[in-house]
Amino acid sequence: MKKTTVLLAGILCFGCAEAADLAFDIAKVKVSVRGERTPLVDEAARELERHLEMACGAKPDGTGVEFVLGARPDGEPAPEEFASHVCVRDGKVWFWGDDRLEKDKEFGDRYHPGTLFAAYVFLDEAMGVLWPSPRDADTFVPPRRDLTLADGWRRSYAPPLLMTQIRHGNTWRNLKSKRGQIPRRRMPEDLLASREEADAIDAEWDRWLLRSRHFSRVRLKYGHAFMRWPGRYLKAHPDWFGLTTNPLLIRKDTNGRGMPDTHTRYTKFCLSNPEVPDAIIADWKANGMPKYFNICPNDGTPGFCECE
């Protein structure tokens, strides 16, 4: 039998070379918007330029590595709802996310901060920026001129809670104005803010919340939920309401339950009464059992129940 000998002289394997890290001069970064320009995408560009300048001491001249905002590299799927992404690909740093306009007749339209949050993730995790307070003067940016990121470096973010914010108080209460036009705190006139100063404080606070990545995925109506309950139920169900022992505020027609008609906004419940939660649940059912239902208690003093 004739034998056939096969000689494998050799196999040449050509491996792909590892992609090089991206090293760049911060003072030469080019910040550009390639996707749709929204107010928050433009804010992302301003925030990146502002913090890069704080890091290196000079405004980036745009001759170096490109930071691409509002667009994603080839092959990347459309961002998920409320998601933000930043990555290093093809010698660039890409920032993109859910930037769509959310239409809402009840609360007003708003843009989602996908690209903006991607910028903040980069500033936080790649550059070590800290925002301990709303004041720009308190912002900490580690001084540096050079930065190196591995090719493929990537971070993603999505707000983890349905609703998150920090309330900073009502600036409008401290406005300078004619008496009677706006509720005023009892403080000297020199300590009150002008409208321009108040607007600047509010804008500073709003920016800090975004820097801290506060963003509510749902918008809910809340506040004193039981303002009308005294009128609806106080006479028929006085035991649902707090007992007041202050002689200046006692209602004689309800044996001290609830607040006088001049103070009904402060009315509280008697929370030891098991009928109270049942009444709230019944009210929720009567309103069609909506997914979200405001049950924020009326706050402020007086009105807290003083029963045994």
Side-chain angles (χ1 to χ4, degrees), residues 82 102-110 159-175 177-187 192 195 198 202 205-206 209 214-308:
F82 300 108
E102 177 186 322
K103 307 288 287 185
D104 193 307
K105 293 182 180 179
E106 185 175 12
F107 290 96
D109 299 344
R110 66 172 181 173
L161 302 177
L162 283 180
M163 184 174 184
T164 169
Q165 66 183 51
I166 300 175
R167 187 175 177 179
H168 74 108
N170 296 325
T171 306
W172 60 268
R173 290 184 180 274
N174 296 332
L175 281 175
S177 66
K178 295 181 180 179
R179 292 192 178 276
Q181 287 185 338
I182 296 178
R184 300 166 63 95
R185 297 189 183 278
R186 295 173 180 171
M187 61 174 63
L192 297 175
R195 169 61 68 182
D202 287 343
W205 184 268
D206 291 341
L209 289 182
H214 284 265
F215 190 82
S216 294
R217 289 185 279 155
V218 296
R219 291 190 281 182
L220 309 175
K221 282 191 172 181
Y222 59 93
H224 295 193
F226 303 100
M227 302 281 279
R228 298 180 181 177
W229 276 52
R232 293 168 60 186
Y233 303 116
L234 182 57
K235 296 298 177 66
H237 301 281
D239 289 346
W240 291 1
F241 297 88
L243 174 68
T244 298
T245 62
N246 184 330
L248 299 177
L249 298 171
I250 290 177
R251 288 186 70 109
K252 295 181 179 179
D253 59 336
T254 58
N255 295 318
R257 295 284 178 173
M259 289 274 94
D261 292 339
T262 55
H263 290 69
T264 53
R265 68 184 301 270
Y266 298 109
T267 300
K268 314 293 192 299
F269 288 126
C270 177
L271 297 178
S272 61
N273 187 335
E275 295 180 9
V276 170
D278 290 340
I280 294 173
I281 292 171
D283 192 49
W284 168 67
K285 291 180 178 178
N287 280 274
M289 296 188 293
K291 183 177 181 180
Y292 302 108
F293 193 58
N294 180 20
I295 57 170
C296 295
N298 304 339
D299 62 17
T301 302
F304 293 102
C305 188
E306 300 175 44
C307 75
E308 293 183 2

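Computed from a predicted structure; not experimentally measured. Heads up: numbering here begins at 1 and tracks the sequence.
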Student: For the atom pair NZ (K235) and CZ (R251), what is the distance rounded to the nearest 0.5 Å?
Tutor: 5.5 Å
Student: Kindly compute the distance separating NZ (K103) from CG (D109), expressed to the nearest 0.5 Å.
Tutor: 4.0 Å
Student: Report yes or no: does S216 contribute a side-chain atom to a donor-acceptor pair with the main-chain N or O of T164 at less than 3.5 Å?
Tutor: yes
Student: Does the side chain of M289 come within less than 4.5 Å of W284's, by heavy atoms?
Tutor: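 Yes, their side chains come closer than 4.5 Å.
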Student: Give, for atom CH2 of W205 and atom CG of D202, the distance between the pair rounded to the nearest 0.5 Å.
Tutor: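 Here the rounded value is 10.5 Å.
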Student: For the pair W240 (side chain) and L234 (backbone), establish whether a donor and an acceptor sit closer than 3.5 Å, ignoring hydrogens and angles.
Tutor: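 Not at all, since once roles are kept as given, no pair shorter than 3.5 Å links the two residues.
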Student: Are R110 and D104 side-chain neighbours, meaning at least one heavy-atom pair lies under 4.5 Å?
Tutor: no
Student: To check you understand the geometry: which heavy-atom pair defines the closest contact between G108 and R219, and what is its length?
Tutor: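 Result for this residue pair: O-NH2, 2.6 Å.
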Student: Parallel, tilted or perpendicular for F241 and F269, by the 30°/60° rule?
Tutor: tilted
Student: Within the structure provided, determine whether M259 and P230 are in side-chain contact (heavy-atom separation under 4.5 Å).
Tutor: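 In short, these two side chains do not touch, never coming nearer than 4.5 Å.
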Student: Could you give the distance from CD (E102) to CZ (F82), rounded to the nearest 0.5 Å?
Tutor: 5.5 Å
Student: How far apart are the closest heavy atoms of L243 and N255, and which atoms are they?
Tutor: CD1-O, 3.4 Å
Student: Do the side chain of R265 and the main chain of H224 share a donor and acceptor less than 3.5 angstrom apart?
Tutor: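 It does not hold such a pair.
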Student: Would you say the side chain of L220 lies within less than 4.5 Å of the side chain of N294, judging by non-hydrogen atoms?
Tutor: no
Student: For I295, look at atom CD1 and say whether over 12 heavy atoms of other residues, nucleotides or ligands are found less than 6.0 Å away.
Tutor: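 No, CD1 of I295 has 12 or fewer neighbouring heavy atoms, counting only those of other groups under 6.0 Å.
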Student: Hey, could you give me the OH/CE distance between Y222 and M163, rounded to the nearest 0.5 Å?
Tutor: 4.5 Å
Student: If we ignore hydrogens and angles and just use 3.5 Å, is the side chain of K268 paired with the main-chain N or O of Y266 as donor and acceptor?
Tutor: yes
Student: Grab the two heavy atoms, one from G258 and one from T244, that are nearest each other, plus how far apart they are.
Tutor: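 Taking G258 first and T244 second, the nearest heavy atoms are O-OG1, 3.7 Å.
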Student: State the OG1-CE distance between T267 and M227, to the nearest 0.5 angstrom.
Tutor: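 Answer rounded to 0.5 Å: 9.0 Å.
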Student: More than 12 non-hydrogen atoms from neighbouring residues, nucleotides or ligands closer than 6.0 Å to CZ on R228, yes or no?
Tutor: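 Counting neighbours around CZ of R228, 12 or fewer heavy atoms of other residues, nucleotides or ligands fall under 6.0 Å, so no.
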Student: Which atom pair, heavy atoms only, marks the closest approach of S272 to C307?
Tutor: OG-SG, 4.0 Å
Student: Donor-acceptor check, side chain of D283 to backbone of A279, threshold 3.5 angstrom: yes or no?
Tutor: no
